[in-house]
Amino acid sequence: MTTAWEAAVEAQIRSAQERGEFDNLPGAGKPIPGRDTPYDEGWWIRSFMEREQIPSDLLLPTPLQLRRRIEQLPAELRDLPTEDAVRSYVAALNTEVVAWLRTPTGPRVVVRPVNVEDAVRGWRADRERAAPVVTTPEPPRAASARPRRRWRWWRR
């Protein structure tokens, strides 16, 4: 026996089918993805992260995130334009490291602040390696006292 609201829902579905709203839906006629794989409790979070393109690094505990950021520091610094920008970036990272060291959470992982001077030195070395070789143009030749004679093919 159907209730009144079930009948109303069925009527709406029927009218939508008659209007063709269910025609040509994406995935029509294709198997349901993941149907043959064993059940995974975290399937919804994985599909959400893939759909929203969220990096998996965000799932790591804080000390591992900090370690990864410190390992990737030279690549991050390479794009910064000035030495002051490098110093401020490293200072912000060190602030996060010190905040974690004061109240550590998660697994016990060795994380130390980055030496600012070493980071700046590495940034300078990367900039020098990546800088294109610029050749200076030759200075113009000194003009001679006598004007240069122009030859044309019809004056021969």
Side-chain angles (χ1 to χ4, degrees), residues 5-6 8-10 12-144 148 150:
W5 67 271
E6 288 176 339
V9 170
E10 290 293 329
Q12 287 180 346
I13 292 173
R14 249 190 325 277
S15 65
Q17 283 176 334
E18 290 170 1
R19 288 191 306 266
E21 292 184 14
F22 297 125
D23 296 343
N24 300 324
L25 289 176
K30 296 179 184 173
I32 297 173
R35 183 171 167 231
D36 297 331
T37 59
Y39 179 72
D40 179 19
E41 293 179 1
W43 66 269
W44 60 274
I45 190 71
R46 278 194 204 80
S47 64
F48 174 77
M49 290 178 65
E50 288 175 11
R51 184 177 64 242
E52 299 297 323
Q53 296 178 350
I54 298 173
S56 60
D57 293 352
L58 295 179
L59 297 177
L60 291 174
T62 305
L64 295 178
Q65 286 181 4
L66 291 171
R67 286 278 299 264
R68 181 161 291 175
R69 287 184 60 196
I70 290 170
E71 289 171 1
Q72 296 172 347
L73 190 63
E76 294 290 327
L77 296 180
R78 193 173 300 125
D79 298 333
L80 296 178
T82 63
E83 187 175 317
D84 291 335
V86 171
R87 289 181 187 277
S88 65
Y89 188 90
V90 173
L93 178 60
N94 283 341
T95 302
E96 291 180 38
V97 169
V98 168
W100 179 78
L101 288 172
R102 288 187 180 148
T103 56
T105 58
R108 298 285 182 199
V109 177
V110 177
V111 180
R112 294 189 179 106
V114 178
N115 186 337
V116 177
E117 296 305 320
D118 289 343
V120 170
R121 220 174 289 120
W123 175 79
R124 283 185 192 144
D126 283 346
R127 301 275 292 195
E128 289 172 3
R129 265 186 260 130
V133 178
V134 178
T135 58
T136 56
E138 291 184 21
R141 295 181 183 174
S144 60
R148 189 171 172 190
R150 296 184 184 175

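On a predicted model such as this, the values are computed, not experimentally measured, just so you know. Because only heavy atoms are used, hydrogens play no part in the values below, and waters and symmetry mates are left out as well, while side chains stay in.
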Q: Determine whether Val98 and Pro113 make a side-chain contact, defined as any pair of heavy atoms from C-beta on separated by less than 4.5 Å.
A: yes
Q: Tell me whether Thr103 contacts the main-chain N or O of Trp100 through its side chain, where contact means a donor paired with an acceptor under 3.5 Å.
A: no
Q: Working to the nearest 0.5 Å, report the span between CZ of Phe48 and CD1 of Ile54.
A: 4.0 Å
Q: Is the number of heavy atoms from other residues, nucleotides or ligands within 6.0 Å of CZ (Arg51) greater than 12?
A: yes
Q: Return the CG to CD distance between Asp23 and Gln17, rounded to the nearest 0.5 Å.
A: 9.0 Å
Q: Say you draw a straight line from CZ of Arg121 to CD of Glu117; how long is it, rounded to the nearest 0.5 Å?
A: 6.5 Å
Q: Thinking salt bridges, do Glu83 and Arg87 make one under a 4.0 Å N-O criterion?
A: yes
Q: Val86 and Thr82: side-chain contact (heavy atoms from CB on, under 4.5 Å), yes or no, with the steps?
A: CA-CA 7 Å; Val86 171; Thr82 63; over 6 Å; no
Q: First locate atom CG of Asp57, then atom CZ of Arg68, and finally report the distance between them rounded to the nearest 0.5 Å.
A: 4.5 Å
Q: Taking side chain as C-beta onward, heavy atoms only, is Leu66 less than 4.5 Å from Glu96?
A: yes
Q: So does Glu76 pair up with Arg69, basic N to acidic O under 4.0 Å?
A: no
Q: So, the side chain of Asp126 versus the backbone of Arg78: is there a donor-acceptor pair under 3.5 Å, distance only?
A: no
Q: Counting neighbours of CZ on Arg19 that are heavy atoms of other residues, nucleotides or ligands and sit closer than 6.0 Å, is the number greater than 12?
A: yes
Q: Working note: Asn94 + Val116, criterion side-chain contact (heavy atoms from CB on, under 4.5 Å); need CA distance, chi angles, decisive distance, verdict.
A: CA-CA 9 Å; Asn94 283 341; Val116 177; 4.0 Å; yes
Q: Of all heavy-atom pairs between Leu58 and Gln65, which one has the smallest distance, and what is that distance?
A: O-NE2, 3.3 Å
Q: Quick check: do Pro63 and Arg67 have side-chain heavy atoms less than 4.5 Å from each other?
A: no
Q: I want to check something: taking the side chain as every heavy atom from C-beta on, are Thr37 and Trp43 in contact at a cut-off of under 4.5 Å?
A: no
Q: Could you tell me whether the side chain of Thr62 reaches within less than 4.5 Å of the side chain of Val111, counting heavy atoms only?
A: no
Q: Any chance you could measure Arg127, atom CZ, to Leu80, atom CG, to the nearest 0.5 Å?
A: 9.0 Å
Q: Tell me, yes or no, whether the heavy-atom count around Asp40 atom CG, taken from other residues, nucleotides or ligands under 6.0 Å, exceeds 12.
A: yes
Q: Output the distance between atom OH (Tyr89) and atom CG (Asp79), rounded to the nearest 0.5 Å.
A: 10.0 Å
Q: Are the side chain of Glu21 and the backbone N or O of Ala16 linked by a donor-acceptor pair below 3.5 Å?
A: no
